[in-house]
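First up is the structure itself, then whatever we jot down about it.
Note that the numbering runs from 1 along the sequence shown for the chain.
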Amino acid sequence: MNNERVKKVIKEVYPYVIVVLVVILIRTFIITPAIVDGSSMEPTLSDNNIILLNKLSYKLNGINRFDVVVVDWNNEKIIKRVIGLPGEHVEYKDGNLYIDGFVIEENFNHAETNDFKLETIGYLTIPGDKYFVVGDNRTGSTDSRVIGLIDKKDILGHANARIFPLNKIKVIK
């Protein structure tokens with residue numbers, strides 16, 4: 001193979017290599033699909049829904065109350081909603097969420113929540129870099145009420161949008 005021919009092949013292949021590298025970088029560090037496994041986030045998300053997991057936004061904007069996040073728990077990816085933030089006391093009483101003694105309105109659909117106090121899992125307040133997460137299907141969710149608080153390092157990112165099934169595409173708030 002002569003030198004000119006090698007240059008021509010490289011010139012033709014180069015754009016494809018760049019596209020593949022960009023896709024790999026985006027998928028690794030910014031956005032990747034994830035599949036919902038189970039019913040713990042119903043009615044917001046259902047079993048086998050496909051979501052877009054934004055791995056970058058929480059690093060830039062932080063983790064906020066009511067964010068839907070994907071968590072690495074025991075080498076399993078679980079999807080939950082952030083309810084309690086570091087430094088806060090969380091309590092559910094008579095179906096209402098209390099943060100530090102004040103009622104907080106939950107502006108999303110979820111199942112009725114049984115009474116719960118953070119002390120039940122051994123804390124007065126949530127320590128730094130830990131979060132209290134629950135599923136929207138409160139009666140059918142293995143979440144912080146059972147598995148304890150979630151470390152910030154185990155939060156993989158925000159669930160930004162449901163992309164499948166196609167007739168239920170939506171931004172997740």
List the steps and the verdict of side chain to side chain contact (heavy atoms under 4.5 Å, CB included) for Ile155 and Ile63.
CA-CA 9 Å; Ile155 296 176; Ile63 299 167; 3.6 Å; yes
Charged N-O contact under 4.0 Å between [X] and [Y]:
X      : Y      : value
Lys80  : Asp143 : no
Arg81  : Asp136 : yes
Arg138 : Glu106 : yes

Only counting residues at least two apart or in another chain, list the ones meeting ring pair (Phe, Tyr, Trp, His ring centres under 6.0 Å) with Phe132.
Phe116
Are [X] and [Y] connected in the hydrophobic side-chain network, where two residues link if heavy atoms are under 4.5 Å apart?
X      : Y      : result
Val134 : Leu156 : no
Phe164 : Ile35  : yes
Phe108 : Ile99  : yes
Met41  : Ile172 : yes
Val36  : Leu53  : yes

Looking at every heavy atom in both Pro86 and Asp129, which two are closest together, and how far apart are they?
CG-N, 3.8 Å
Testing the basics here: between Gly135 and Ser141, what is the closest heavy-atom pair and its distance to 0.1 Å?
N-OG, 3.2 Å
Just by distance, no angles: are the side chains of His110 and Glu42 close enough, under 3.5 Å, to form a donor-acceptor pair?
no
Under a 3.5 Å threshold, yes or no: a donor from one side chain and an acceptor from the other, between Thr125 and His89?
no
Atom [atom1] in [X], atom [atom2] in [Y]: separation rounded to 0.5 Å?
X      : Y      : atom1 : atom2 : value
Lys168 : Leu45  : NZ    : CG    : 10.5 Å
Glu112 : Asp94  : CD    : CG    : 9.0 Å
Leu85  : Tyr131 : CG    : OH    : 6.5 Å
Ile50  : Arg162 : CD1   : CZ    : 11.5 Å

Could you go step by step and tell me if Ile121 and Leu149 meet the side chain to side chain contact (heavy atoms under 4.5 Å, CB included) rule?
CA-CA 8 Å; Ile121 59 170; Leu149 300 175; 4.0 Å; yes
Evaluate the side chain to side chain contact (heavy atoms under 4.5 Å, CB included) criterion for residues Ile51 and Ile79: first the C-alpha distance (whole Å), next the side-chain angles of each, then the deciding distance (0.1 Å), finally the verdict.
CA-CA 10 Å; Ile51 62 167; Ile79 301 172; 3.7 Å; yes
Any chance CG of Asp151 has more than 12 other-residue heavy atoms, nucleotides or ligands included, within less than 6.0 Å?
yes
Answer yes if the ring centres of Tyr92 and Tyr98 are under 6.0 angstrom apart, and no otherwise.
no
Might you work through the side chain to side chain contact (heavy atoms under 4.5 Å, CB included) test for Ile10 and Val13, ending with a clear yes or no?
CA-CA 5 Å; Ile10 289 174; Val13 172; over 6 Å; no
